[in-house]
Amino acid sequence: MQSFSELEKWVDEVKNLCQPDSIHFVTGDKAEEKSFFEELVRDQKAIQLNPLLRPNSYAFFSDPSDVARVEKRTFIASNKKEDAGPTNNWIEPQKLKKIMTKLYKGSMKGRTMYVIPYVMGPIDAPISKIGIEITDSLYVVVNMIKMTRTGTQVLDKIKNETPFYIGLHSIGAPKKNGVIDSMWPCAKMQKKYIAHFPDEKLIWSYGSGYGGNALLGKKCLALRIASKIAYDEGWMAEHMLILKLTNPDLESKYILGAFPSACGKTNLSMLIPTIPGWKVETIGDDIAWIWMKEDGKLYAINPEKGFFGVAKGTSYRSNPNAMKAIEKNTIFTNVALTDDLDVWWEGIDKEKPKHLKDWQLHNYDISCTYPAAHPNSRFTVEATESPVLANEWEDPNGVLISAILIGGRRPSTIPLVHEALSWKHGVFMGSMMGSEITAATISDQIGMVRRDPFAMLPFIGYHVGDYLQHWIDMGQKANQEFLPKIYYVNWFRKNDDGQFMWPGFGENSRVLKWIFERVDQKASAKLTPIGYVPDRDSIDLSNLDVSEKDIEALTEIDVNLWFDEVKSIRAYYKTIGNKCPIDLVNELNQLEFRLKNY
Ligand code: GDP
Ligand code: PGA
Ligand code: MN
Ligand code: MN
């Protein structure tokens, strides 16, 4: 859409369709946010945490059906089925609109309809995108206020004819007269639809109130729709953290990392190095928009304004910076509650109290054997609460990219770190990336390894073959001298007892240091069939508590396992069909050839 009058017309249409009791345009100011939280507590949709322990913070508890993204109910409704590719669910767009229009009819009865003007990216960055989300969920509103730049200044942009993208969201639970609302109203699973119409750049979401399904700026606009816009316009929208790494000589580099949901992006983006003199600062923890400037170099911005992080496992030991960021002004979802109204989850520093309320607000004591917090429990907090936010985190010019990491949860085969032989080989590594499915999506296959190219499997808004070709093309267009190097990392190797062999978290700084020095051509490496791996004395392992045997295993290349891998990648490429880039098939053949000669 292009103009304010179009926006007014759309708001009117939605009002007539969804029949809310009232309409509220979100201004984004502090007083308004405060009154939203007061209303949420008054309506028993949220619990205010103990202000002495956790000032200005609130906890929400979802319906058990609504705890994560729902890939089965997520659709890329492109005009042609072929354009959605083999990795997306597709329904003919007119048919889907008919189904959803029926659902939207009267779906906001008894509720307020909020119109949220927001911008993904710093408001004046050339690459930023404006969105309007209509929603009937105040939970969504308060989360969008923390996660995106929201408010009246965005409407002024629209009045000056900046184009914008619209998204309609309803929890799909009209209020019935005389019936008391539940704490988290939403629709049944089979009525949830997270729909994208990439040809129109339109988003319709129905039936779920959960973050990735309902905060439309994040996964729906900044990844699925933006990936398609980026493909058409020649840039990239990626599921990546952005960090700034500074060495003891105070030289800095910017590094991106693509890991699937719940595989360590937020942690890596704010880690505290265990090696002296090194520093990590955060630019972004989930999404990077990447583009090439006239100098042929690649730059990135973080389109978001906050963190929607996994709570479970977060502690002052594993991620002190995240713990400091969530000491106040934070929204928690599906965590457990202590008797003095603070938050608790498995893996937090504090020992499990004798009594808790679990994430369903049921009484929970030592006799309970299930987890008290949901494995996908989350915190929402503004980036500015972080003690390690880089100064340039909202520089509209973006940051120059030196290296791109890819990775995921692979209990075997993939070593701790290996460097791609070339950009194309790096794209090959990204294409075959696999990871165990985590609780960040609702699935009956949690723990099983699946291919998740560049951690974008649930987020590519078009054909995966075109997506991979686009990666190759971007590298070809760039200035070859300044192409970022690509690294495959794996913090999740397990030993025979099922224990992680690598301590991870702050210790990952040892790998970051090696990468920094590789980029500067200062660290040595060993050439193997799969790429460059660190030489034993080129990676800093001083004062590290890992056995010799485990170090050996973490860096070894098991040729037989890699032959299995080659076979499985070949089968995977078949599923991509004839759009699978020929360059990647060549890379696979070359890998097989190198393995045979190893
Ligand atoms: P994100 O969803 O990709 O941002 O992942 P998070 O950084 O939120 O981490 C998800 C889960 O993985 C949390 O439970 C973390 O504690 C855990 N995790 C993160 N980094 C590491 C690591 O280096 N090693 C291990 N073993 N676990 C990690
Ligand atoms: P995550 O973000 O990648 O930090 O888990 C949420 C998601 O991808 O659902
Ligand atoms: Mn994510
Ligand atoms: Mn995260």
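Counting starts at 1 for both ligands and their atoms, following the listed order. Counting from 1, the numbers follow the sequence of the chain as shown. Every heavy atom of this structure was used, including side-chain atoms; hydrogens, water molecules and symmetry mates were not. Since we're looking at a predicted model, the values are computed, not measured.
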Relative to the heavy atoms of [X], which atoms of ligand 1 are at a distance of less than 4.0 Å?
X      : value
Pro260 : 3 (O)
Val310 : 2 (O), 8 (O)
Trp491 : 23 (O)

>> Quick check on Gly212 - does any of its heavy atoms sit under 4.0 Å from an atom of ligand 2?
In response: no
Under 4.0 Å, heavy-atom basis, I'd like to know which part of [X] is in contact with ligand 1: side chain, backbone, both or neither.
X      : value
Asn508 : side chain
Phe500 : side chain
Trp502 : neither

[Y] six-ring centre to [X] NZ/CZ under 6.0 Å and within 45° of normal:
X      : Y      : answer
Lys201 : Tyr165 : no
Lys219 : Phe459 : yes
Arg73  : Tyr193 : yes
Lys357 : Tyr364 : no

Closest protein heavy atom to [atom], given as residue, atom name and distance to 0.1 Å:
atom                    : result
atom 8 (O) of ligand 2  : Ser261 OG, 2.4 Å
atom 9 (O) of ligand 2  : Arg69 NE, 2.7 Å
atom 28 (C) of ligand 1 : Phe505 CZ, 3.2 Å
atom 5 (O) of ligand 2  : Arg378 NH2, 2.8 Å

If I apply the N/O under 3.5 Å rule, does [X] come out as touching ligand 1?
X      : result
Phe259 : no
Thr266 : yes
Gly264 : yes
Cys263 : yes

> What is the minimum heavy-atom distance between Val67 and Asp63, and which atoms define it?
Replying inline: CG1-O, 3.9 Å
>> Just checking Lys312: does its NZ atom have more than 12 heavy atoms from other residues, nucleotides or ligands closer to it than 6.0 angstrom?
In response: no
Distance-only polar pair, side chains of [X] and [Y], donor-acceptor under 3.5 Å:
X      : Y      : answer
Thr380 : Asn143 : yes
Trp514 : Glu419 : no
Lys192 : Ser65  : yes

> Where the closest heavy atom to atom 11 (C) of ligand 1 is concerned, which of Lys312, Arg409, Lys265 has it?
Replying inline: Arg409
> Looking at Ala262, which atoms of ligand 2 are within less than 4.0 Å of one of its heavy atoms?
Replying inline: 5 (O)
> Which ligand 2 atoms does Lys265 reach within 4.0 Å, using its non-hydrogen atoms?
Replying inline: 1 (P), 3 (O)
>> With a cutoff of 4.0 Å, is Ala262 in contact with ligand 1, counting heavy atoms of the residue only?
In response: yes
>> Consider salt bridge (Lys or Arg N to Asp or Glu O under 4.0 Å). Of Lys305, Lys146, Lys324, Lys328, which one does Glu385 pass it with?
In response: Lys328
>> Does ligand 2 come near enough to Asp286 that some N or O of the ligand is less than 3.5 Å from an N or O of the residue?
In response: yes
